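Atoms considered below: every heavy atom in the structure, side chains included; atoms not considered: hydrogens, waters and symmetry mates. Note that the structure is a prediction, hence the values are computed from the model and not measured.
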Amino acid sequence: YYDSLIYVANSELKADIKKYYYVIEAKNLDSVLRARIAGKIKKKLPFGFKSDLGLLKSLIDEFHVVSIEEWNNAYSEYAFTAC
(Lines give C-alpha, C1' and ligand atoms only; values in the text may rest on other atoms or scores of the structure.)
Protein backbone atom coordinates (compact mmCIF):
# COMPACT_ATOMS: atom_id res chain seq x y z
CA TYR A 1 0.00 0.00 0.00
CA TYR A 2 3.02 2.30 0.01
CA ASP A 3 2.82 3.61 -3.51
CA SER A 4 2.58 7.09 -4.99
CA LEU A 5 -0.69 6.13 -6.72
CA ILE A 6 -2.36 6.26 -3.29
CA TYR A 7 -1.48 9.93 -2.95
CA VAL A 8 -2.45 10.84 -6.52
CA ALA A 9 -5.82 9.09 -6.28
CA ASN A 10 -6.40 10.60 -2.85
CA SER A 11 -5.90 14.15 -4.05
CA GLU A 12 -9.31 14.14 -5.74
CA LEU A 13 -12.05 15.43 -3.46
CA LYS A 14 -14.79 13.08 -4.70
CA ALA A 15 -16.13 11.04 -1.80
CA ASP A 16 -16.51 7.61 -3.41
CA ILE A 17 -17.33 4.79 -1.01
CA LYS A 18 -15.00 1.87 -1.56
CA LYS A 19 -16.50 -1.49 -0.63
CA TYR A 20 -14.52 -4.71 -0.74
CA TYR A 21 -16.17 -8.12 -0.78
CA TYR A 22 -14.62 -11.50 -0.14
CA VAL A 23 -16.89 -14.09 -1.74
CA ILE A 24 -16.52 -17.56 -0.30
CA GLU A 25 -18.41 -20.77 -0.73
CA ALA A 26 -18.02 -23.30 2.04
CA LYS A 27 -20.41 -26.06 2.97
CA ASN A 28 -20.35 -25.18 6.67
CA LEU A 29 -20.04 -21.39 6.42
CA ASP A 30 -21.60 -19.97 9.56
CA SER A 31 -21.36 -16.62 11.32
CA VAL A 32 -18.43 -17.76 13.48
CA LEU A 33 -16.33 -18.88 10.52
CA ARG A 34 -17.30 -15.77 8.57
CA ALA A 35 -16.27 -13.49 11.45
CA ARG A 36 -12.96 -15.31 11.83
CA ILE A 37 -12.17 -14.96 8.13
CA ALA A 38 -13.20 -11.31 8.10
CA GLY A 39 -11.08 -10.56 11.17
CA LYS A 40 -7.94 -12.07 9.66
CA ILE A 41 -8.38 -10.29 6.34
CA LYS A 42 -9.26 -6.92 7.94
CA LYS A 43 -5.91 -6.94 9.77
CA LYS A 44 -4.19 -6.81 6.38
CA LEU A 45 -6.38 -4.13 4.78
CA PRO A 46 -5.53 -0.40 4.89
CA PHE A 47 -8.34 0.82 7.18
CA GLY A 48 -6.09 3.11 9.25
CA PHE A 49 -4.13 4.70 6.41
CA LYS A 50 -6.33 7.80 6.26
CA SER A 51 -5.38 8.90 9.75
CA ASP A 52 -1.87 7.42 9.72
CA LEU A 53 -0.81 9.15 6.50
CA GLY A 54 -3.00 12.25 6.69
CA LEU A 55 -4.96 11.41 3.54
CA LEU A 56 -8.12 13.23 2.45
CA LYS A 57 -10.10 10.04 1.80
CA SER A 58 -9.97 6.54 3.18
CA LEU A 59 -8.58 3.79 0.96
CA ILE A 60 -11.25 1.34 2.03
CA ASP A 61 -14.60 2.07 3.68
CA GLU A 62 -16.30 -1.30 4.03
CA PHE A 63 -15.31 -4.95 3.95
CA HIS A 64 -17.73 -7.87 3.83
CA VAL A 65 -17.40 -11.64 3.70
CA VAL A 66 -20.35 -13.09 1.79
CA SER A 67 -21.43 -16.40 0.33
CA ILE A 68 -22.00 -16.85 -3.39
CA GLU A 69 -25.75 -16.92 -2.80
CA GLU A 70 -25.67 -13.62 -0.90
CA TRP A 71 -23.53 -12.07 -3.63
CA ASN A 72 -25.87 -13.26 -6.39
CA ASN A 73 -28.91 -11.89 -4.53
CA ALA A 74 -27.31 -8.49 -3.95
CA TYR A 75 -25.52 -8.13 -7.31
CA SER A 76 -27.46 -10.17 -9.84
CA GLU A 77 -25.84 -8.30 -12.75
CA TYR A 78 -22.48 -9.73 -11.60
CA ALA A 79 -23.76 -13.13 -10.54
CA PHE A 80 -21.56 -16.20 -10.25
CA THR A 81 -22.76 -19.05 -12.44
CA ALA A 82 -21.66 -22.64 -12.95
CA CYS A 83 -19.48 -23.26 -15.97
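- Residue Leu45 holds its CG atom at 5.5 Å from CZ of Phe63, rounded to the nearest 0.5 Å.
- Here salt bridge (Lys or Arg N to Asp or Glu O under 4.0 Å) pairs that include residues 72-83, with residues two or more places apart or in two chains, number zero.
- Remark: Tyr21 pairs with His64, Trp71, Tyr75 by the ring-ring contact (aromatic ring centres under 6.0 Å, His included) rule, at least two apart or across chains.
- Taking hydrophobic clusters as Ile, Leu, Val, Met, Phe, Trp and Tyr residues chained together by side-chain heavy-atom distances below 4.5 Å, Tyr20 shares a cluster with Tyr22.
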Mind listing the side-chain donor-acceptor pairs of residues 30-38 below 3.5 Å, one per line with the distance, residues two or more places apart or on another chain?
from  : atom 1 : to    : atom 2 : distance (Å)
Asp30 : OD1    : Leu33 : N      : 2.9
Arg34 : NH1    : Val65 : O      : 3.3
Arg34 : NH1    : Glu70 : OE1    : 2.8
Arg34 : NH1    : Glu70 : OE2    : 3.2

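- By the side-chain contact (heavy atoms from CB on, under 4.5 Å) test, Asn72 is found to be paired with Ile68, Ala79, Phe80, residues two or more places apart in sequence or in another chain being considered.
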